[in-house]
Amino acid sequence: MAADPASGLRVENLAVARGGLAVLEGVSFALAPGEALVLRGPNGIGKTTLLRTLAGLQPALAGEVSVPPESIAYAAHSDGIKATLSVAENLRFWAAVHGTRDISEPLSQMNLETLAERPANSLSAGQKRRLGLARLLVTGRPIWMLDEPTVSLDTDSVALFARVIADHLGQGGSALMATHIDLGLVSSRDLDLTPYKARAPEAGGISGAFDEVLS
Amino acid sequence: MAADPASGLRVENLAVARGGLAVLEGVSFALAPGEALVLRGPNGIGKTTLLRTLAGLQPALAGEVSVPPESIAYAAHSDGIKATLSVAENLRFWAAVHGTRDISEPLSQMNLETLAERPANSLSAGQKRRLGLARLLVTGRPIWMLDEPTVSLDTDSVALFARVIADHLGQGGSALMATHIDLGLVSSRDLDLTPYKARAPEAGGISGAFDEVLS
Amino acid sequence: MIALLIRDLRLAVRAGGGFGLGLAFFLIVVTLVPFGVGPQGDILARIAPGILWLGALLACLLSLDRIFALDYEDGSLDLLVSAPIPLEGVVVMKALAHWLTTGLPLVIAAPVFGLLLHLPGDAQGWLVLSLLLGTPALSVLGTFGAALTVGLKRGGLLLSLLVLPFYVPTLIFGAELVSRGAQGMATQIPLLMLAGITAASVALIPFAAAAAIRVNLR
Amino acid sequence: MIALLIRDLRLAVRAGGGFGLGLAFFLIVVTLVPFGVGPQGDILARIAPGILWLGALLACLLSLDRIFALDYEDGSLDLLVSAPIPLEGVVVMKALAHWLTTGLPLVIAAPVFGLLLHLPGDAQGWLVLSLLLGTPALSVLGTFGAALTVGLKRGGLLLSLLVLPFYVPTLIFGAELVSRGAQGMATQIPLLMLAGITAASVALIPFAAAAAIRVNLR
Amino acid sequence: MSIWEYANPVKFMRLSGRVLPYVIALAAICLLSGMVWGYFFVPNAENFGGSVKVIYVHVPAAMMAINIWGMMLVTSLIWLIRRHHVSALAARAAAPIGAVMTLIALITGAVWGEPMWGTWWEWDPRLTSFLILFLFYLGYIALWAAVEDPDTAADLTGVLCLVGAVFAVLSRYAANFWNQGLHQGATLSLDKQKHIADVYWFPLLLCIAGFVFFFVALVLIRTRTEIRLRRLGALQQRERMA
Ligand code: HEM
Ligand SMILES: Nc1ncnc2c1ncn2[C@@H]1O[C@H](COP(=O)(O)OP(=O)(O)OP(=O)(O)O)[C@@H](O)[C@H]1O
Ligand SMILES: Nc1ncnc2c1ncn2[C@@H]1O[C@H](COP(=O)(O)OP(=O)(O)OP(=O)(O)O)[C@@H](O)[C@H]1O
Ligand SMILES: [Mg+2]
Ligand SMILES: [Mg+2]
């Protein structure tokens, strides 16, 4: 994992929007290499939106992110798995796109060797999830953004996943995840997003282009 | 909830298959009205397959189910939510299909009133999940089959959902769910599926139409 | 069941002008034909019935994959199958919604397109009549095709391939009806055949379609 | 980037005969035309270049919505956008894959279809040439349309509506090239125009398409 | 103070509110006088008969149909480059008007063609390219309607407008190459020789001016409505946030 040691992620005063409406504002935090940060907050607070913004998939309303999207690997529910390709073919494709190493190690890390030749549409929900997480390993990127990574995973697989994360952190990577359950990672901190909930413009929040039109 | 008091679900010696291959066999259990049963087992053991079979969405290989699919309501990840319809329109449609009562009570039970007029595609993952569960309430059916119902739900929503289940059980309904996390229901039993894992035909499992061809 | 029809129509409208799109596609096909075959009025008039029917057929075809695929993907179809309404009824409602959003607008707008292709004035009435009689069959047969391919990812082309042969009799009698009508010849036979095909399709195909869906879902 | 091309081709094959389906659709259209317009050889020969071009165009059209929609739905497109390859390159590869699976088979099989429609022998060469020059433009323009509608559920018909007007110049020059060639007239102008349109589209449209995808994903 | 200030929705609302009544009045005056003049005080042309009077609707509508796409092109560019919301909304507001103008030109042309050419429709290149223009308008409007997020829709339709403009022109040339038609050449050229007689010319100019003012008024009204709608949407969303 060729993580640039200085490449800690710093986010300052970030405001993110969905559907043209600010969802979170004033989000600031730092994520040092080797560290994991778990985003907390009730449904709909904006965890997914924040992760997508950091991964460069949607523009921020305001604020600064110290790291370019190129060093971030993003994994959500739909993981770009092609149903008709086999597990190995799926992984090999993403490895080729990212110009990275062979896929045998990620396969074994996520305990997928026995399934390698199965087409992806014959996997159970949890097996599919493991394949999605294996994709993270082939990107070779230092910062991981994970949106509810442990959905559908059984306890064994959660433990497996926690080990993979710990490995990644040990190699100088870092991870930012949104999850509602406890992973039992040692080096992780929580970040509660509730205080950053966007206020209405009248109350001092970010105002849109049309806010003053009729006033 | 017009649950027929005598309509407990009894399953005997059921074998289920996916992709033409037996997954579970010899599954037997009973589910009395007012009771909840949680299916346990590692990823890929066959929980989803079992639930789909009981709900009448795929045929069983062998065995007996005492209750017709008509009294079973099934809820999985993809919940028949139309992205362009509002939350209320989505629910109202299913209420009309099932010829049931008004939708205001389910809406309030799943804490969706404030979102009622929002189009479904602007909901967060957890909000969408709540809508999917609200649909169960409008079916008016006594037996619920839930496949990982609490995915994406925050702790408050999980508690809300547990209350709804408890209500349902209190009214003589019953529930069968597959989940990897703990719901904290009082009247629930666990059923571990691992012992029912299908064996290869040579080992006394169910043999397919072509199994003897070359022997 | 009416709820299903209403929902489908509402979805079609929300999806951005449901009713207009089939029409617009028809218009485009009709516009493109002269670019291909040249602008001479007499040639156009001769091939007009065939082209108009082909256009209607393609406009139908392109919207077929919406009939079940969306409901399949988001799980609605699973739920509809286990809902307390007969699956045959679901199929009929789906076909009806499809006809209302693609077939009916075509019937209404057909005279304008006839004009563009120099269809003789007397043939206009026959064109409308033939489309009115024939398009329901297209929708129902298309629903059958959609039911057969419902489990397949993006079965678009396969669907066309399956459905087009079924469309041949309707196309033949429809186009024949118009061109006989235009030339003042006897129109009874194609008229009766067209009506017969439609009536038989509407009465029988829903059962086959429902069976196909049941097979595809398990 | 080559990996993307290979994956797309593999997916097309796995989806059930990727290469064959466009061709089969083309075949069906060509067979249906005589049913619509009547079997007279002379008329068929006259409209053959136009019909063949129209068929190619519709076969292209039907497979357009596969280009990005599948990748969008399963999240691959998100990941491709954040992958270390330029999005323009992704678009080009997608268009190339589309052309290899629909355009190229048509070019190869065109003479057979020409035969079916009584296209005169000398025109056959021109037909192949015009399709070879023109179909890449169809794929690239289609990719642009697919990029515009990528976020929309089942934008099939809308996609056709957006894309077909863009196809007009290609269609005109393509069909004109064949019919001029068949009549032994000068073919330079349509030939040059066709080549020019294709070259310009291939060079410029990927940028517009990539921009549209970026907008759609945010 | 730069002209871009008026791209601010507030400023735009204020200014357009003040200007609108005058534009409407101008449109009414020009249209009324032009039509009345053209219809009642102009002799029937010897070779055209009474049907020549269609020209007072046909020609202005046809000119507007083309120029509105040009205006949409400019406003789309402004939106894409400088991200002024009003600009995008103006493009959106203009499109249906352009489509209707195209339709009017087509219908009046057809009504005129019946007595003149003995056919309602002919695949003449100019007529044909109008049909194609109509399709471009339809596609543009449909894309606006289909995309939910207004800024996304503005971006996408902007790109479509640019590429569409190129292809609309290309189609025009292709159509010309494909078929030499029946339709008149441009009569409004400044070259006095080619010009139609003054009796027809002045009321026509009035009508054209009337159409232009009419269009400006409509665009202003529709843009104002769009802005109000956006504001309403913002307010509703804010309410939910609270
Ligand atoms: C439905 C089809 C028609 C369309 C789309 C159409 C389109 C146009 C357009 C675009 C112009 C403006 C040209 C310019 O100012 O550069 C125009 C002008 C004109 N059209 Fe048509 N036209 C149609 C039918 C007809 C017919 C049937 C006639 C009569 C024989 C006719 C006679 C004229 C005349 C006299 C002008 C004014 C001369 C000029 O400014 O070019 N048009 N038409
Ligand atoms: N198109 C839209 N218009 C308005 N609001 C929207 C739109 N899309 C999403 N939202 C809202 O934006 C908020 C943030 O959504 P997001 O998906 O980021 O939440 P989340 O924290 O990931 O929640 P969950 O834990 O349920 O996944 C939600 O309240 C959602 O309802
Ligand atoms: N088409 C197929 N061919 C062969 N095996 C299949 C096919 N489809 C599914 N399977 C296998 O069937 C088994 C049961 O899958 P199922 O989805 O029921 O598991 P599950 O218990 O729900 O798992 P999870 O907890 O991960 O959701 C899995 O091992 C899966 O790999
Ligand atoms: Mg989320
Ligand atoms: Mg499962």
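Per chain, numbering begins at 1; letters A, B, ... match sequence-line order.
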Once you round to the nearest 0.5 Å, how far does CG of B/Asn43 lie from CZ of A/Arg129?
11.0 Å
Heavy-atom cut-off 4.5 Å, strictly under: side chain, backbone, both or neither for B/Asn111 against chain A?
neither
Interface residue of largest heavy-atom contact number with chain B, from A/Thr48, A/Leu153, A/Asp156, A/Val158, under 4.5 Å:
A/Leu153
Engaged part of B/Arg18 at the chain A interface, taking heavy atoms whose separation is under 4.5 Å
side chain
Atom CD of A/Glu113: over 12 foreign heavy atoms under 6.0 Å:
yes
Heavy-atom contact with chain B under 4.5 Å, split by part of A/Ser152:
both
Please name the pair of heavy atoms, one in B/Gly44 and one in A/Ser124, separated by the smallest distance, quoted to 0.1 Å.
N-OG, 3.3 Å
Correct closest heavy-atom pair for B/Ala125 and A/Glu148 would be CB-OE2, 4.3 Å
Below 4.5 Å from any heavy atom of chain B, which atoms of A/Asp147 appear? Answer side chain, backbone, both or neither.
neither
